[in-house]
Every structure is written in C-alpha cells, then in structure tokens.
Trainee: 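After the structure tokens below, expect a handful of questions from me.
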There are 2 protein chains.
Amino acid sequence: MTEFSLPPIQTTARDDAVLKALAGFVMREKLEPGERLPTERILAERLKVSRNTVREALTRWEGLGLVERRQGSGTYLKAAVSLDMLHMPLTLAGGNDFTGLMRTLEIRRALEAEAAALCAIRADEDDLAEIERKLDIMEEEFLSRAGMSSEEDWEFHQAIYRACGNPLFEQIIAAMHELFHRFWEHPLGVRDFGHASFPYHRTMFNCIAAHDPEGARAEALKLIATVEDDLKRGAANLKLSDRK
Amino acid sequence: MTEFSLPPIQTTARDDAVLKALAGFVMREKLEPGERLPTERILAERLKVSRNTVREALTRWEGLGLVERRQGSGTYLKAAVSLDMLHMPLTLAGGNDFTGLMRTLEIRRALEAEAAALCAIRADEDDLAEIERKLDIMEEEFLSRAGMSSEEDWEFHQAIYRACGNPLFEQIIAAMHELFHRFWEHPLGVRDFGHASFPYHRTMFNCIAAHDPEGARAEALKLIATVEDDLKRGAANLKLSDRK
DNA sequence: GTGTAGAAATTGGTTGGACCATTGAACCAC
DNA sequence: GTGGTTCAATGGTCCAACCAATTTCTACAC
C-alpha cells in the first residue's frame, strides 16, 4: 500500500468552537479565577447556538476543573484559561489505598529530587529568602504543636518548585499532592505521620542555599523515603487490624 | 444486543449518579476497551432520565478520555473503567519556544530516569520481551532509514513506562511528549535530531534486563542529555540565522 | 431607620420532543 | 465484484418549557 497521510476532516465541531470562542472571550476580558462568566442563556444567544450546546461545552470545562457551576448563582472561573493549554486528565484506577498513595509518591520522589537539584542551581537570593521564610514558619509550627503541619509543609515545598525555574514542576507535583490527599481519607492509623521527615527539610534547604544540587537531591530523596516508610508502616498496621 | 439490567436513578446529582450507574454496568458486563456501550436513547430509558442528562454524563467521560463517540455509529469504551477510579485533570500551559521545549525535557529527565530504575526492579520476563521487541523494531527502522523514527522510538519508551508498575509515569510523560511535539512545529533546523541518542536505547535496555536500576537510571540520563544537547544546538542555529 | 421574613427574579439542572448529519448495512443494477 | 441507492440506527443540535437552588428586592413589623 502506498503511504500517504490525510488528516481527517472536521465538519461539525460546535462545542469545540464554543470552547475556543469562550477561551478567547475570557482572555479578552482578562477574567481571572473566581470571577463569574456570562450566564448560559446569554452565551447561547451571543454565540448563536442553543443553550444545550453551551452546556455541553461548559461540562467539558467543568470536568477539567477549569470552571465551577453553582446552581442559582452562576458559573465561575476556577483556573487561568488560555488558548494554548494542554489538558491531560490523569486517571489512577484500582488498587487499594496504599497502592495509590505509593504511586503518587513515586512520581513525587522523581520530581522532588530534580526540582531540588535545579533549585540549588538556579535560585537567586530572593528565592532563597522566600524559601527560608516558609521553612521557618513550618519549623515553628512543628515545634509549637509537636507535629507536622501539612499546610505549612506544603507551602515550603511549593516555594522550592516555584524557584526551580520550571513551572511544570509545581503543576504536576500539585496534581500528585491532590491525588495523594484524595486517597488519604483513612489515615491508616499512623500516628505522627511525617514526623520523621522534619529534619530533612532544613538539610535540604541548606544544600539549596549552598548551591549544591547533588546534596539537595540526596536530601530530597531521604525526605521522601521517610514518608514512604511511614506509609508502609501504616499499611502494615492496617493489615494487622484487619486480622483481628 | 445483550440483555442487561440498570436500576433507575433516585435523587438529584443526576449526571453523577448516571456515571456511577454506568460504571457499574460496564463492570458487570465486563466491557473492555473498544466495545460499544448502549445507545444514549436506551440508557436514558433504562435509567429513567432524559437523554440530555445521559449526554452530559457521557460528555464528562469523553473529556476524561474514557469514551469515544462516533456519530451515526455509537459510543465506544476507550479505556478500562472501574468504580474506584480517581481523576485528576492536569492542565499545562507552556511557552511555545525553546524554553518550553527544555521545560518538558526537564520533567521527562526526572521521570524517565525513575521509570527506568523502577522498571529494572519490577519488569518480568514478558515485560522484557515486549520492550526488546519494540527496541528491535526501532533499531531496524533506524538502520534502514538512517535516522531516528520518532514513532518507533516512542513505542519503545512507552513499553518501559508500562512495565514500571506505575501507570502515572506513562500518563504524565505522554503529556510531556505531546507538549513537546506541539512546540516542535519548526525543527529548529537541526539535522539528524535524536541521532546521538540511538546507542543509549540498547544500553538502557541491557541494564533493565540485568535488573540493574542504577545503571538503567544512568543510561536514561545520558539519553535525555543527548536530546537536550540537540535542542541547544538547534537554538544556537536559530539565533545565528536570526542574526543575518 | 433597622431587621427580617417572604416574594420575585436570576441561574444552573432537567425534561421531552423534534429534526439534522453521519454511519453502516442491506439491497440493487451493472 | 463494483459502485450506487435506500433506509434504519445513532450521535449532534435545537427549542421551549419547567424544576431547584440562590440571590436580590420588597414589604412589613418594630
């Protein structure tokens, strides 16, 4: 057979066109997350399509987490929208809770280590100051409440991702973080979860501040390793309690 | 059409309930990717909801890539579906230039190395055979056409992600791959792009087959490094041609 | 004036029915 | 067999209502 390429033609693509028009509108109006966009009825009228078509398009955006609908109130932008976005829904199927948690951690281990190394290379003085500020807050919280505060801990890590010079790290790890916490409905009966990871936050920062990428990578790996250990401990507890 | 049972829906939050009922149906009937599911009209009738509601639910699944609709033909399952799936939409915005390409490569460097290492630990005989098969095809293509074939190359890498035991790797790296190729409209004037990466495919596979995770990681890093070099070379060319 | 309960308007959610566009299979002429 | 034609099935779009949650306005009591 002769090889030749013919891209499939696209005749009807109403709702896609609606989404593109909407994305253009959002950009023109400089709508930011939290703002309300026009009602479905108005959109249907302006775009000369039926309200049903508008709804199907908005349903797609809602599924992607770009938009939130509140009955009786309106449709609100949930994230920045631009025309050149790539949407890639991650689906993590099956397995028990423990497996899912470990899988998100495997991704995070790879990215966290790389982000820390890149950060050690690229962070400037301002970045370092911001990271250390978040670290101080976290440590204070830890010492005063005698336990890890996942909120302040997450702030610290995010500061690193932002300083590493590649916004993709923050976006992907944030997705992993959310996936992790969605699995995290049953705390697996682990007390002092994350406790062991505490000291590595400071050592990792020290390596970053010293512009030592390999050291930062090593400390990041140790940090994640303690979390994985906690998780395994929890899984073991769970199996034990299942037995009785 | 096979006989099936679907209980009617009960309260509000219809389309969510529709999806749950549909997921249950797919599991009961053991539908596999590629198979056709009932028509919208039949689903509406069985579930005692309007066809529009069924359509909104299916639109959500379509947005998640779980299902594909073909007008005049039907709605087909595109991926395995189970009740305990978690979906995490990942939307990536990129600058479409050299910087964007390098950013996708930074993510890929981190994940590719980790996936190779995990694969070296976990791959069984069948996985290894499949990977080597893809590798042979790629090498043959390379030698016969005297150049990298991005299609066969990608197949090889995907086989590794699948064998690493964590489906998130394949999904996230696929997103990076798509982002990369969306920027890749102008090949930056680099001839023999990817040529230098060729030998490392075999060496990486050898490490995986020998269950040597750190070796596999090292070879993966070398492989990505050659691609990054090609890219930098291309960027330099581009700047040069801009000058004149 | 102030506060609050209730009515009215607004807005997303759902329904049912209609028609269009595409597909695929059965059928037919050649 | 090849190439049309017909026709039923199916997803895509549209319309005009009505439902349910929310917000806004208004009238009334104090």
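The shown structure was predicted, so the numbers you read here are calculated from the model rather than taken from an experiment. Letters A, B, ... are given to chains in the order of the sequence lines, protein chains preceding strands, and every chain is numbered from 1.
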Trainee: Applying a 4.0 Å non-hydrogen cut-off, can you work out what A:Arg70 is touching in the nucleic acid: base, sugar-phosphate, or nothing?
Mentor: sugar-phosphate
Trainee: Can you confirm whether A:Glu68 sits close enough to A:Thr75 that some side-chain heavy atom of one is under 4.5 Å from a side-chain heavy atom of the other?
Mentor: no
Trainee: Phosphate oxygens OP1/OP2 of C:dT15: is one of them under 4.0 Å from a side-chain N or O of B:Ser50?
Mentor: yes
Trainee: Measure CG/B:Asp16 against C1'/C:dT14 and give the value in whole Å, please.
Mentor: 15 Å
Trainee: Given atom CD1 of B:Ile42 and atom P of D:dA8, what is their separation to the nearest angstrom?
Mentor: 17 Å
Trainee: What is the separation between atom OH on B:Tyr76 and atom P on D:dG11, rounded to the nearest whole Å?
Mentor: 8 Å
Trainee: From the set C:dG24, D:dG11, C:dT15, return the single nucleotide nearest to any side-chain atom of B:Val49.
Mentor: C:dT15
Trainee: In whole angstroms, how far is the C1' atom of D:dT22 from the CZ atom of A:Arg36?
Mentor: 11 Å
Trainee: Applying the salt bridge (charged side-chain N to carboxylate O under 4.0 Å, His left out) test to B:Lys134, which of B:Glu152, B:Glu155, B:Glu141 qualifies?
Mentor: B:Glu155
Trainee: Quick check: do A:Thr91 and B:Leu86 have side-chain heavy atoms less than 4.5 Å from each other?
Mentor: no
Trainee: How many Å lie between CZ on A:Arg60 and C1' on D:dG12, as a whole number?
Mentor: 12 Å
Trainee: On a plain distance test, is the side chain of A:Arg41 in donor-acceptor contact with the base of C:dG12 below 3.5 Å?
Mentor: yes
Trainee: Rounded to whole angstroms, how far apart are CD on B:Gln71 and P on C:dT22?
Mentor: 6 Å
Trainee: For D:dG12, take OP1 and OP2 only and decide whether either is under 4.0 Å from a side-chain N or O of B:Arg55.
Mentor: yes
Trainee: Think A:Thr53 has a side-chain N or O under 4.0 angstrom from the OP1 or OP2 of D:dC14?
Mentor: yes
Trainee: Of all heavy-atom pairs between A:Leu111 and A:Phe169, which one has the smallest distance, and what is that distance?
Mentor: O-CE2, 3.6 Å
Trainee: D:dG11, OP1 or OP2 - any side-chain N/O from B:Thr75 closer than 4.0 Å?
Mentor: yes
Trainee: Would you kindly give the CD-to-P distance between B:Glu40 and D:dT10, to the nearest whole Å?
Mentor: 10 Å
Trainee: Does B:Arg51 have a side-chain nitrogen or oxygen under 4.0 Å from the phosphate oxygens OP1 or OP2 of C:dT15?
Mentor: no
Trainee: Whether the side chain of B:Asn52 and the base of C:dG13 hold a donor-acceptor pair under 3.5 Å is what I'd like checked.
Mentor: no
Trainee: Taking the side chain as C-beta and beyond, is there a heavy-atom pair between B:Leu22 and B:Trp61 under 4.5 Å?
Mentor: yes
Trainee: Whole-Å distance between C:dG12 P and A:Trp61 CH2?
Mentor: 14 Å
